[in-house]
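The structure under discussion appears below in the form of structure tokens.
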Number of protein chains: 2
Amino acid sequence: MYVTLPSDFGAPEQFNIVVGPASRPNDASLKAGDTLFYEGDPVDWLYQVKSGVLRLTRVLEDGRQQVIAFGFPGDIVGFPSDGLHHTDCDALVDTRLQPYRRSALDSGERNPELHSVLLNAALHEISAMQDHFMMLGRKSAAEKVASFLCVLTNRIGKHVDGYQQVRLPMSRSDIADFLGLTTETVCRTFTQLRKSKIIEIENIYTITVVRPDALLGLTMRDCD
Amino acid sequence: MYVTLPSDFGAPEQFNIVVGPASRPNDASLKAGDTLFYEGDPVDWLYQVKSGVLRLTRVLEDGRQQVIAFGFPGDIVGFPSDGLHHTDCDALVDTRLQPYRRSALDSGERNPELHSVLLNAALHEISAMQDHFMMLGRKSAAEKVASFLCVLTNRIGKHVDGYQQVRLPMSRSDIADFLGLTTETVCRTFTQLRKSKIIEIENIYTITVVRPDALLGLTMRDCD
DNA sequence: CGGGTTCTTGACTATCTTCAACGAAAGTGG
DNA sequence: CCACTTTCGTTGAAGATAGTCAAGAACCCG
């Protein structure tokens, strides 16, 4: 999952779980905290998230970390470059996966339909990452956090008492590392949103969006 | 082209020009300033840059712009998502292109080898963009500019009097929009590098790297 | 219950942006 | 070819945004 532009919000994405002929690796489910693969590992499988949440990360030598993406149900992760993984991947909560052989991506000989699905997922990934560029490079902290919450409510929000409610599966520092901010800035922005009565923080991991319109308004700067 | 991590600098990329059976669209060359495609256009062709430089951009409603990538010789641009282009693309200088039918990416039936090349280019794109995330989200202005110059000298630098020299085909504001900075900050950082005698600014568009080691050192924070 | 982690808040600081001015370069039209 | 205009690059000063450092609060887990 990346933070995309508001224009995409209207039509919530399709999360078709592709069921196909795919024998599974050792185990297709992870406990919270388990690692699926590390940067540098050879890619034998791609995975579609069936339930749970994955976290894809990269680290710089000096310790600075970037969360590249979160993997929510429907997302496909593990695309190889030169046959290798280029991120670490672990599970934030218990997660079930549908594995696909990497060979299905390499060539459509055996299963053209699956090949096409995986290829399109990769291409989608590119365009979603382009959205995320815009966000990382050009948006303020408030815009980033608001955009993040908007995307999250769209993808995993539940209706509770007429309001959208989201359970955040990741820590504040994961959010910070995803948005290119510090944990402190993420915290402060959450607090501001709470004080502006745009969201309510039920508890650390549960956010209720009280004024979705106002939140959406914060995702972009006023266009004169 | 994205700004990648220093670890990739050792091995300069391969710029194999793939020659394959591909009838060409109207014209496979562009004058400086010409537009190749716009965001929202249907994708009929992918293009490999044979010579010249392309610029891929996105704009926000309020006018903020992000340069997504530069297309240097060897790069393949135009990957579709849902069959559409998701960036604008224009030429910074006169540019020659090798067009490939989009159908070659969609399926390998006709030409498995070309299919594989295009697919791998797309996958490479994903991992290069992940590097760029790290840069946009976690690096300081000085680190960004230094990284940018390092990548550029590696890709299009010429040896002149024993020094690497680069001709920048893009404006200061293009660089700023690529790195998530303002033109002023880019200017000031260039000036600092000049005053530190790490680079020389022959003229606005021509930079000589006097101390490549120092430049490389600036691309990352000291790891304690 | 206790110890450790994560979250939150405050005070201060650094970095980068904004605004403004000026100079250089490039394009235009007489 | 030269004056004019426009754009782009550079620099300075001031201000804002987000980062850093530090401390306390809340939460989690054994």
Side-chain angles (χ1 to χ4, degrees), chain A residues 31-33 55 60 62-67 92-93 135-148 167-196 199-207 218 221-222 224, chain B residues 31-33 55 60 62-67 92-93 135-148 167-196 199-207 218 221-222 224:
Chain A
K31 293 256 165 241
R55 179 181 62 173
L60 233 49
D62 61 18
R64 276 178 290 182
Q65 192 174 113
Q66 177 79 34
V67 171
L92 293 174
V93 299
M135 222 252 345
L136 281 174
R138 286 282 166 242
K139 289 198 176 181
S140 69
E143 290 172 320
K144 287 178 180 180
V145 172
S147 304
F148 179 72
R167 176 153 182 92
L168 305 176
M170 71 290 284
S171 70
R172 296 290 189 269
S173 70
D174 284 334
I175 298 174
D177 287 338
F178 183 57
L179 300 177
L181 299 169
T182 59
T183 50
E184 292 95 328
T185 301
V186 171
C187 267
R188 278 188 256 269
T189 311
F190 270 76
T191 304
Q192 270 175 246
L193 291 174
R194 178 173 55 73
K195 287 185 179 166
S196 322
I199 64 170
E200 262 174 38
I201 303 178
E202 311 294 338
N203 64 59
I204 303 183
Y205 292 114
T206 310
I207 305 288
L218 284 177
R221 193 172 295 175
D222 282 332
D224 312 333
Chain B
K31 292 255 165 245
R55 178 182 63 173
L60 234 48
D62 60 19
R64 278 179 289 183
Q65 194 175 108
Q66 177 78 34
V67 171
L92 293 175
V93 299
M135 222 251 348
L136 282 174
R138 286 283 167 244
K139 288 198 177 181
S140 68
E143 289 173 321
K144 287 178 179 181
V145 172
S147 303
F148 179 73
R167 175 152 183 92
L168 306 176
M170 71 290 285
S171 69
R172 295 289 188 266
S173 70
D174 284 334
I175 298 175
D177 286 337
F178 184 56
L179 299 178
L181 300 170
T182 59
T183 50
E184 292 94 329
T185 301
V186 171
C187 267
R188 278 187 254 269
T189 310
F190 270 78
T191 304
Q192 270 175 247
L193 291 174
R194 178 173 55 72
K195 287 186 178 167
S196 321
I199 64 170
E200 263 173 38
I201 303 177
E202 310 295 337
N203 64 58
I204 303 182
Y205 292 113
T206 310
I207 305 289
L218 284 176
R221 193 172 296 174
D222 283 331
D224 314 329

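Keep in mind that what you see is a predicted model, and the values were worked out from it rather than measured. Note: hydrogens, waters and symmetry copies are ignored here, and every other heavy atom, side chains too, is used. In what follows, every chain begins at residue 1, and chains take the letters A, B, ... in the order their sequences are listed.
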Report yes or no: does [X] contribute a side-chain atom to a donor-acceptor pair with the main-chain N or O of [Y] at less than 3.5 Å?
X	Y	result
Thr206(B)	Glu202(B)	no
Lys139(A)	Lys144(A)	no
Thr189(A)	Thr185(A)	yes

With a 4.5 Å limit on heavy-atom distance, are the side chains of [X] and [Y] in contact?
X	Y	value
Leu218(A)	Leu193(A)	yes
Thr191(A)	Ile201(A)	no
Val186(B)	Phe148(B)	no

Can you tell me how far P of dC16(C) sits from CG of Leu181(A), to the nearest Å? 14 Å
State, to the nearest 10°, the angle formed by the axis through the first five base pairs of the helix from dC1(C)-dG30(D) to dG30(C)-dC1(D) and the axis through its last five. 50°
Starting from the 5' end of DNA chain D, give me the residue, Ala141(A) or Asn203(A), whose nearest nucleotide shows up first. Ala141(A)
Could you give all pairs that pass the salt bridge (Lys or Arg N to Asp or Glu O under 4.0 Å) test and reach residues 184-196 of chain B, with sequence neighbours left out? none
Which pairs, with at least one residue in residues 168-181 of chain A and sequence neighbours excluded, count as a salt bridge (Lys or Arg N to Asp or Glu O under 4.0 Å)? Arg55(A)-Asp174(A), Asp177(A)-Arg138(B)
Partners passing salt bridge (charged side-chain N to carboxylate O under 4.0 Å, His left out) against Arg64(A) (at least two apart in sequence or in another chain): Asp62(A), Glu143(B)
Letter by letter from the 5' end, nucleotides 1-9 of chain C scores (B base, S sugar-phosphate only, - none; protein heavy atoms under 4.0 Å) ------SBB
Step by step, would you call Leu60(B) with Met135(A) a side-chain contact (heavy atoms from CB on, under 4.5 Å)? CA-CA 10 Å; Leu60(B) 234 48; Met135(A) 222 252 345; over 6 Å; no
Name the first nucleotide and the last nucleotide along DNA chain D (5' to 3') that come under 4.0 Å of a heavy atom in chain B. dG9(D) to dA13(D)
